[in-house]
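See structure below.
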Amino acid sequence: MGKASRIKRERGSVITATHEPKVPQNWPDGHVGVELTGSDDAECIVVTIHGVRHYLHSSTAYELSKMLDSRIEEWDSYAKSQGAPGVLDVD
């Protein structure tokens with residue numbers, strides 16, 4: 001089997017999107033996790049979301065954190081304006 005066939009086969013098994021399970025599974029540990037990688041990895045942090053591991057440099061992880069914080073604050077404000085409890089503990 002040629003290299004192109006192998007690459008095409010491997011590409012077909014890549015997960016490109018995940019969604020929340022219909023029923024929480026060991027919340028929150030069954031949904032997300034963050035660990036430091038070993039010293040032999042080029043990346044510093046591994047983020048696991050629904051079983052899919054993402055290896056990130058610390059600078060990428062930091063930017064992701066800032067973007068998530070911003071969107072969570074935005075969502076929390078909207079949810080509270082609609083009478084929902086929101087997700088943040090502080091107003």
Report summary line: Nearest heavy-atom approach of H50 to E20 is CE1-CA, 3.3 Å

**Report entry** Shared hydrophobic cluster for I45 and I49 (ILVMFWY, side-chain gaps under 4.5 Å)
**Finding:** yes

Query - same_hphob_cluster(M67, Y62) at 4.5 Å side-chain heavy-atom cutoff - result: no

Query raised in the report: Are L36 and V47 joined in one hydrophobic group, where the rule is that I, L, V, M, F, W and Y side chains link up if heavy atoms are under 4.5 Å apart?
Result: yes

Query raised in the report: Should the ring pair Y78 and W75 be called parallel, tilted or perpendicular, given that the plane angle runs from 0 to 90° and is split at 30 and 60?
Result: tilted

**Report entry** Minimum heavy-atom distance between G86 and A79, given as atom pair plus value
**Finding:** CA-CB, 4.1 Å

Query raised in the report: Is there side-chain contact between E43 and L56, with heavy atoms separated by less than 4.5 Å?
Result: no

Query raised in the report: Between L88 and D76, what is the shortest heavy-atom contact and its length?
Result: N-OD1, 2.9 Å

Query raised in the report: Nearest heavy-atom pair of R53 and T48: which atoms, and what distance?
Result: CG-OG1, 3.5 Å

Report task. Decide yes or no on side-chain contact (heavy atoms from CB on, under 4.5 Å) for H54 and V52, but give the supporting numbers first. Result -> CA-CA 7 Å; H54 305 272; V52 179; 3.6 Å; yes

Query raised in the report: For I15, does the CD1 atom sit with more than 12 other heavy atoms under 6.0 Å from it, leaving out its own atoms?
Result: no

Report task. Tell me, please, which residues at least two apart from E63 pass salt bridge (Lys or Arg N to Asp or Glu O under 4.0 Å). Result -> K66

